[in-house]
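Structure, as structure tokens:
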Amino acid sequence: MLPRRKTRKVIVGDRQHGFVGIGGDAPVALQSMTSTYTYDIDATVKQINQLHQAGADMVRVAVPDKRDTVALKEIINQVKIPIIADVHFHFERALEAIEAGIHKIRLNPGNIKDRPKVEKVIAACKERKIPIRVGANEGGIVERQDKGQRAEEKAALEKDYRGQMVSIMVEKLEEYLRIFADNDFYDVVLSAKSVDPQIVLSAYSEISKRFDFPLHLGVTHAGPPETGRIRSVVALGALLAQGIGDTIRISYAADPVVEIEDGKELLQVLGLRLRTEPELIACPTCGRIEIDLIAMMAEVRRRLAEIPVPVKVAVMGCVVNGPGEAEGSDVAVFAGKHRGVIYVSNNEGIAEQVATVPEDQILDRLFEEVHKFAERVQRGEAKLKNQQVHIKPPDPIGELGSGWDKIRQEKGTVLPVLR
Ligand code: SF4
């Protein structure tokens, strides 16, 4: 059971779309972003529904243009999941999205800096109890307008890119949050994404020490799943394993459903999300292999998609290390010389040998046992070995006070006192 960092909790959603907690005692929420033009209502609704179906808790849409915010009302009306508006350059889009009934806003401190404009968005969100994510991403955080400041930041980055980038991200987040603190607005989620997993790790670790706002984790521009998967998971997994992170988005240059599938798997293997689908474990194969395990595994995977409970199935290439490696599965097959030995977990959770069958009958017999086991689970006669998710709840929210109170307590006068 992983401990979780203590954070405030924000609530995203409404009765029609459900309420999703971020931070506090809420499980880590999973989100993705549509890749459609938001003004194309049908395509956007279709993709939001696909993401919802795949397991997303919230979906973000880009609203670069007025025609996008005009479409929002109808989109929100047609879906059943909280929607977040990603606002990059024009604060008016945020106000229009709020008016359309959006459930959360994402602002980029690198792009919308003008205090009166930010305050207008804050006031509108406060009135409707809409949380704001402040996303200080590497890509847009270096100063663009003030030439002197830009030159200073660039010079610092040349000396120590990673270290200075983390400093710039954290400093700008702090600076931006003053506006929120001055307006008594604490319905805030923070993010500090980068394409570099090492920057992501350092930035979030640093932010988690300074603020008790919930954190949205992500590695940006990770590329296609084939190359972006490790880049994303190494950073997000390491942070989540330390209890840091309250909502995640994995970003790929691909169908966003893949982002949800991978995000879900990451949370499930860390025990942060209850597994809802069957799980397949299989040995990597080696010189002791006795059957064509790779071909068998593909067929097992295909047939498992039809099983309605999260049964854990192990497919092992031999009996030498197989039983030990398959520990914790509900149904397992161990290959012998052109035959398979099938084990099923009994009512006490102990694996019992139930059959030994020739190789050509392994799949059918394995699935006969998987179906029987799933039915026993559904009748309440058998328990799944998969651990239920027990998230260690944080101490009562408010114990730490605001991020600013925490800063004052920890850093004395080093950091600015804002309230
Ligand atoms: S289960 Fe057997 S075949 Fe598979 S990796 Fe282990 S020792 Fe090798």
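Counting from 1, the numbers follow the sequence of the chain as shown. We count ligands from 1, going down the list as the structure has it; atoms in each ligand are counted the same way.
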Find all atoms of ligand 1 within a distance of less than 4.0 Å from any non-hydrogen atom belonging to R288, and give their numbers and elements.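 Counting from 1, the qualifying ligand atoms are 7 (S).
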Which of the ligand 1 atoms, numbered from 1, are nearer than 4.0 Å to a heavy atom of C283: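 Result: 1 (S), 4 (Fe), 5 (S).
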Using modelled atom types and a 3.5 Å cut-off, is there a donor and acceptor pairing between side-chain atoms of [X] and backbone atoms of [Y]?
X	Y	value
K264	A54	yes
E96	V70	no
H17	I83	no

The one among A314, C318, G317, A335 that brings a heavy atom closest to atom 2 (Fe) of ligand 1: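 The residue whose heavy atom sits nearest atom 2 (Fe) of ligand 1 is C318.
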State whether D86 and R93 are salt-bridged, where the test is any N-O pair (Lys NZ or Arg NE/NH1/NH2 against Asp/Glu carboxylate O) under 4.0 Å.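 Answer for the salt bridge query: no.
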Part of L293 within contact of ligand 1 (heavy atoms, under 4.0 Å):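 Neither part.
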Could you verify whether a donor N or O on one side chain and an acceptor N or O on the other, from D65 and Y37, lie under 3.5 Å apart?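 The criterion, which ignores hydrogens and geometry beyond distance, is not satisfied for Y37 and D65.
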Is atom 8 (Fe) of ligand 1 under 2.8 Å from any N, O or S atom of C286? yes
